[in-house]
Amino acid sequence: MTNAQIAKLFRNIAAAYIIKDEKKFRFQIIAYQKAADAIAHLNTEVADYYKNNELDTIPGVGASIKSHLEELFKKGKVKHFEWVLKGTPEALFTLLDIPTFGPKKAYKLVRHFDLKNPKTVIDDLEKLAKKGKIAELPSFGEKSQSDILRAIDEYRHGVGKTTRMVLPYAAEVADKIVNYLKGSKDVIRVEPLGSLRRQVATIGDIDLAVASKNPKEVIDYFVKCPFSERLIEKGTITASILVSGGRQIDLMIQPPESFGSLLQHFTGSKDHNVHLRELALKKHLSLSEYGIKKNGKLQKYDTEEKFYKALDLQWIPPEMREDTGEIELAEKHRLPKLIEINDIKGDLHTHSNYPIEPSHDLGVSSMEEMLKMAKSLNYEYIGFSEHNPSISKHTNQRIYEILKKRSEKIEHILESIKNVRVFKLLEIDILPPGKLAIDDKSLDLLDGAVVSIHSVFSMNRNKMTERILNGLSHKKAKILGHPTGRMLNLRSGYDLDWNRIFEFCKKYHKALEINSWPNRLDLPDQIIRRAVEADVKMVINTDSHRVAQMELMRYGVSLARRGWAKKSDILNTLGYNDFSKWLKS
DNA sequence: GCCGTTTTCGGCCCGACTGTTTTCAGTCG
């Protein structure tokens with residue numbers, strides 16, 4: 001069973017409990033929903049957690065759910081789940097996939113109309129709505145009937161189900177709306193919040209916060225946004241619209257004196273906020289987007305710093321707000337100082353257009369252009385790491401000649417450029433048996449290499465780990481490129497034995513790459529966090545194939561921050577001499 | 001069902017908006 005399937009099963013369990021007795025099972029419902037969310041966000045298959053006997057390390061999975069999962073993997077079914085699900089018509093679960101359908105509404109409909117077939121339930125419901133049958137039901141009316149028809153239509157067209165946006169793309173979409181909002185005289189400040197502010201690798205909805213003294217005017221202006229395809233809802237301080245591609249934009253407004261509370265509230269994450277509010281309750285405080293209530297009296301906060309301070313907490317960087325221990329550290333004022341973009345001294349994974357006759361794609365910008373960009377980014381150094389010359393088209397001798405020529409070209413450039421230093425690197429394929437694609441004689445021409453997997457991704461955990469460790473064992477192999485091979489929205493990464501990889505990297509002075517390429521953003525933040533804890537060094541690279549892409553470094557830095565990486569965890573924060581020394585280590 | 005630097009028992013966030021209810025239920029974030 002995939003993680004998505006298990007998450008859906010758990011959501012069904014929660015829904016079935018709601019139908020059974022929402023009050024009685026209140027906390028089971030929360031528990032299963034929480035576990036479902038956690039599992040949906042894992043980058044490792046739950047089946048692998050099971051195999052490694054690590055199920056209880058999944059947040060929200062305790063003794064009970066653990067034993068149910070074990071039963072699920074052993075027998076393919078769970079007695080307790082069958083008991084919970086019994087009595088809830090299967091067709092209900094299909095309806096839950098449609099936005100605006102919750103358990104109660106779905107239950108009323110499938111029960112009243114006796115809808116039994118989960119495969120046809122949506123079509124059946126549509127027919128009933130078209131005949132006007134739904135409006136006749138108690139607690140339904142004409143409006144809810146037409147809303148149901150539209151919800152079904154949008155669901156069929158994939159609205160709300162469209163793949164999540166990769167972070168840099170979401171930032172672009174948000175920028176457009178932010179610029180539009182800045183055109184209103186009533187908007188004092190506007191900020192993208194939610195998962196975008198937390199810099200999550202993929203973004204669903206876009207959340208925007210506005211500071212304004214005239215919320216009504218701002219809302220009227222917002223819903224007239226030229227990108228808007230449909231108004232979803234519109235109130236006194238919030239509104240939501242649907243823009244092209246089925247993307248939802250949520251707007252929330254507070255006056256400037258409460259903007260700090262709004263920033264905090266709307267940035268989330270949900271888990272972070274829930275934990276924060278529970279903590280506040282113990283201090284007899286109640287938190288909301290309006291501020292902090294004490295003895296029924298509301299105190300407003302214009303900045304987030306003041307808001308957190310009022311709770312005796314250090315201000316927590318948005319990237320850390322996932323309720324994975326950051327609140328506890330903020331209480332002790334012991335949050336790590338996270339790496340920042342200005343700490344970066346160089347980019348070690350760039351593909352120029354040098355005609356290296358590579359195995360994979362060549363860059364489109366010249367070495368000179370890339371050096372110029374490196375300088376404008378205030379870098380001390382850059383590493384050229386084009387793909388190795390194709391091994392199917394060239395002999396080893398020919399590869400050596402190509403690389404020799406490239407070295408000469410680099411040395412020639414360096415004579416005219418004084419302020420940026422260059423490392424002669426190469427991105428080398430780790431072949432399926434674990435051998436590097438080029439031989440020692442050619443490797444000798446390099447200062448070091450980024451080694452990566454570019455073929456045969458479907459190996460099991462042990463084999464893939466062996467393959468990578470073999471590839472990394474060459475003295476010149478210093479950086480493991482895009483370590484999990486994940487392509488966001490396309491394929492999940494291969495599973496690796498991280499503890500073995502970490503141990504090897506520490507022992508032999510190897511670094512894991514944090515790849516800033518928008519569709520990769522690889523390493524995943526949870527693995528970065530584990531690497532930081534294991535004191536394994538990393539390098540943040542862009543994998544640029546053209547100059548403009550070198551500016552994507554900030555997304556790699558965001559990813560590192562989400563993994564709680566400090567400057568000292570990232571090797572390309574070192575100056576040229578120190579980095580050079582490490583390459584030779 | 002989960003979880004823990006006030007607790008292994010006894011807690012478990014807070015609010016906006018809509019449609020259909022004439023005071024609230026359901027969904028969402």
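Quick note on labels: first sequence line is chain A, next is B, and so on, each numbered from 1. Bear in mind that the values here come from a model prediction, so they are computed numbers and not experimental data. Side chains included, hydrogens not; waters and symmetry mates left out as well; all remaining heavy atoms used.
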Taking [atom1] from [X] and [atom2] from [N], how many angstroms apart are they, rounded to a whole number?
{"X": "A:Arg11", "N": "B:dT27", "atom1": "CZ", "atom2": "C1'", "value": "15 Å"}
{"X": "A:Met252", "N": "B:dC14", "atom1": "CE", "atom2": "P", "value": "15 Å"}
{"X": "A:Leu208", "N": "B:dG29", "atom1": "CG", "atom2": "P", "value": "15 Å"}
{"X": "A:Ile148", "N": "B:dT27", "atom1": "CD1", "atom2": "C1'", "value": "13 Å"}
{"X": "A:Gln248", "N": "B:dC17", "atom1": "CD", "atom2": "P", "value": "14 Å"}
{"X": "A:Asp323", "N": "B:dG29", "atom1": "CG", "atom2": "P", "value": "20 Å"}
{"X": "A:Asp207", "N": "B:dA16", "atom1": "CG", "atom2": "P", "value": "16 Å"}
{"X": "A:Phe140", "N": "B:dT18", "atom1": "CZ", "atom2": "P", "value": "18 Å"}

Self-check item: A:Lys176 NZ/CZ over A:Phe227 ring centroid, <6.0 Å and within 45° of normal
Solution: yes

Can you tabulate the close N/O pairs, meaning under 3.5 Å, that link protein atoms to atoms of nucleotides 6-13 of chain B?
residue : atom : partner  : partner atom : Å
B:dT7   : O4   : A:Lys282 : NZ           : 3.3
B:dC12  : O3'  : A:Glu278 : OE2          : 3.0
B:dC13  : OP2  : A:Glu278 : OE2          : 3.2
B:dC13  : O2   : A:Arg277 : NH1          : 2.3

With [atom1] as the reference atom in both, quote the distance from [N] to [M] in angstrom, rounded to an integer.
{"N": "B:dC17", "M": "B:dT22", "atom1": "P", "answer": "22 Å"}
{"N": "B:dC2", "M": "B:dT6", "atom1": "P", "answer": "24 Å"}
{"N": "B:dT8", "M": "B:dC12", "atom1": "C1'", "answer": "16 Å"}
{"N": "B:dT20", "M": "B:dC13", "atom1": "P", "answer": "31 Å"}

Can you tell which of [options] lies closest to the side chain of [X]?
{"X": "A:Ile237", "options": "B:dC2, B:dC17, B:dG29", "value": "B:dC17"}
{"X": "A:Glu233", "options": "B:dG29, B:dG19, B:dC17", "value": "B:dC17"}
{"X": "A:Asp205", "options": "B:dG15, B:dG1, B:dG29", "value": "B:dG29"}
{"X": "A:Tyr32", "options": "B:dT20, B:dG1, B:dG29", "value": "B:dG1"}
{"X": "A:Lys332", "options": "B:dG15, B:dT5, B:dG1", "value": "B:dT5"}
{"X": "A:Lys234", "options": "B:dT18, B:dG15, B:dG1", "value": "B:dT18"}

Output a table of donor-acceptor pairs, distance under 3.5 Å, between side-chain atoms of residues 233-243 of chain A and any protein atom two or more places apart or on a different chain; print 'none' if there are none.
residue  : atom : partner  : partner atom : Å
A:Lys234 : NZ   : A:Asp220 : OD1          : 3.2
A:Ser240 : OG   : A:Asp250 : OD1          : 2.7

**Asked** Is the A:Tyr17 ring parallel, tilted or perpendicular to the A:Tyr32 ring (thresholds 30°, 60°)?
**Response** tilted

**Prompt:** Do any side-chain nitrogens or oxygens of A:Thr236 fall under 4.0 Å of OP1 or OP2 in B:dA16?
**Reply:** no

Classify the nucleic acid contact of [X] as base, sugar-phosphate or nothing, counting any heavy atom under 4.0 Å across all strands shown.
{"X": "A:Ala63", "answer": "sugar-phosphate"}
{"X": "A:His272", "answer": "nothing"}
{"X": "A:Phe10", "answer": "nothing"}
{"X": "A:Lys66", "answer": "nothing"}

ring-ring contact (aromatic ring centres under 6.0 Å, His included) pairs touching residues 187-222 of chain A, sequence neighbours excluded, are A:Tyr180-A:Tyr221

Inset, instruction - For the pair A:Leu125 and A:Leu95, evaluate side chain to side chain contact (heavy atoms under 4.5 Å, CB included) and give the outcome as yes or no after the intermediate values. - result: CA-CA 10 Å; A:Leu125 200 61; A:Leu95 292 181; 4.0 Å; yes

Are any protein N/O atoms closer than 3.5 Å to N/O atoms in nucleotides 22-26 of chain B? If there are, list each pair with its distance.
residue : atom : partner  : partner atom : Å
B:dG26  : OP2  : A:Lys104 : NZ           : 2.9

Ignoring hydrogens and geometry, is there a side-chain-to-backbone donor-acceptor pair from A:Ser258 to A:Pro255 under 3.5 Å? no

Judged by atom type as modelled, is there a donor-acceptor pair below 3.5 Å linking the side chain of A:Asp48 to the main-chain atoms of A:Thr44? no

Whichever of A:Glu142 and A:Thr238 has the more 5' nearest nucleotide on DNA chain B, that residue is A:Thr238

Between A:Gly60 and A:Tyr290, the residue closer to the 5' end of DNA chain B by nearest nucleotide is A:Gly60

In short, side chain to side chain donor-acceptor pair (under 3.5 Å) pairs touching residues 271-280 of chain A with sequence neighbours left out are A:Gln264-A:Asn273, A:His265-A:Arg277, A:His272-A:Tyr308, A:His272-A:Glu326, A:His275-A:Asp323

B:dC3 -> Watson-Crick or G-U wobble partner, both distances under 3.5 Å, gives B:dG10

Exercise for the section: Give a yes or no on whether a salt bridge exists between A:Glu71 and A:Lys79, defined as a side-chain N under 4.0 angstrom from a carboxylate O. Expected result: no

Contacts satisfying salt bridge (Lys or Arg N to Asp or Glu O under 4.0 Å) that involve residues 15-44 of chain A (not counting sequence neighbours) are A:Arg11-A:Asp37, A:Glu22-A:Lys104

What do the steps show when you test A:Tyr290 against A:Leu262 for side chain to side chain contact (heavy atoms under 4.5 Å, CB included), and what is the final call? CA-CA 7 Å; A:Tyr290 294 96; A:Leu262 178 61; over 6 Å; no

